[in-house]
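All of these numbers come straight from a predicted model, not from anything done at the bench.
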Amino acid sequence: MCREPRARRSPEHGHRLPATLVGCLTLILALSIVVRESRPSVRALGLLALLAIVLQGILGGVTVLYKLPLAVSVAHACLGQTFLLGALVRHTGAGLAIPDFPLAFGRVVPPLVSPYITVHFAHRIGALVVAASVMATAAVAGRCHRGDGRLGRPALLALALLVLQITLGGVTVWSRRAVLATTTHLVVGAALLATSLTLTLRASRLIGWRGLARAPAGLGRHALL
């Protein structure tokens, strides 16, 4: 009878071990930057990384304690992927591994002859997936919830941020990773993530309201779950 709980705990424990390692390394990095770095912008980025990893840990704890609530689980997953992929591109020096945009070495798919090119191209593929998801979400919100500002406004904002983010990605490459373009690219990416989470929460609540309104008289909320 103990085998099943152990089997279930193993993947979760395997997830917590690398998460703890990443948290410790981020703490060391942030403290090192704060102590040794004199540039305010770099110190701010170090503190931002520390804040992100602390928030990720809190979201992970809330996810476990409250049995995978949708909003918290989505935020935990998105923040983790954003943090790790961004850190991977930044710290492997892969930001300019592909020097042109929107093509890659003049091709749709570049020659994956080095891990740096592979990491950079994976970042672009991830951006395409995000772009497709945002555009599909905005289309559904516009078609099925026309006139409902609770969904229409964040959907349009996400679409605008997506266009700005793609433009900034191109400018980052064309400017050889200029500080202003690169920093703004990161900020807009975080804003797009926050807008997407807001849209997810509002859509979840809206579906709950409509489902409750359609429920037969005498049925409680739990009948819809």
Pair up each side-chain donor or acceptor in residues 128-136 with any protein partner under 3.5 Å, not counting sequence neighbours, and list the distances.
from	atom 1	to	atom 2	distance (Å)
Ser133	OG	Val129	O	2.9

Would you give me the side-chain donor-acceptor pairs under 3.5 Å for residues 101-109, sequence neighbours excluded?
none

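Follow the hydrophobic side-chain contacts under 4.5 Å out from Leu27 and you reach Val54 in the same cluster. The cluster map of Ile, Leu, Val, Met, Phe, Trp and Tyr, joined by side-chain heavy atoms under 4.5 Å apart, puts Leu156 and Val163 in different clusters. Note on Leu151: it does not cluster hydrophobically with Leu157, by side-chain heavy-atom contacts below 4.5 Å among ILVMFWY residues. In terms of hydrophobic clustering, with Ile, Leu, Val, Met, Phe, Trp and Tyr side chains grouped at heavy-atom distances under 4.5 Å, Leu199 and Leu159 are assigned to different clusters. Cluster membership check: Leu164 shares its hydrophobic cluster with Leu162, using side-chain heavy-atom separations under 4.5 Å among Ile, Leu, Val, Met, Phe, Trp and Tyr.
Taking all atoms of both residues into account, the shortest heavy-atom contact from Pro110 to Ile98 is CG-CD1, 4.0 Å. Val171 and Ala181 make their closest contact through CG1-CB, 3.8 Å (heavy atoms, listed as atom of the first residue, atom of the second, distance).
Using a 4.5 Å heavy-atom cutoff, the side chains of Val173 and Asp100 are not in contact.
The 12-atom threshold is not exceeded at CZ of Arg153, counting heavy atoms of other residues, nucleotides or ligands nearer than 6.0 Å.
Within the structure, the side chain to side chain donor-acceptor pair (under 3.5 Å) test picks out the following pairs touching residues 156-171 (sequence neighbours left out): Gln165-His185.
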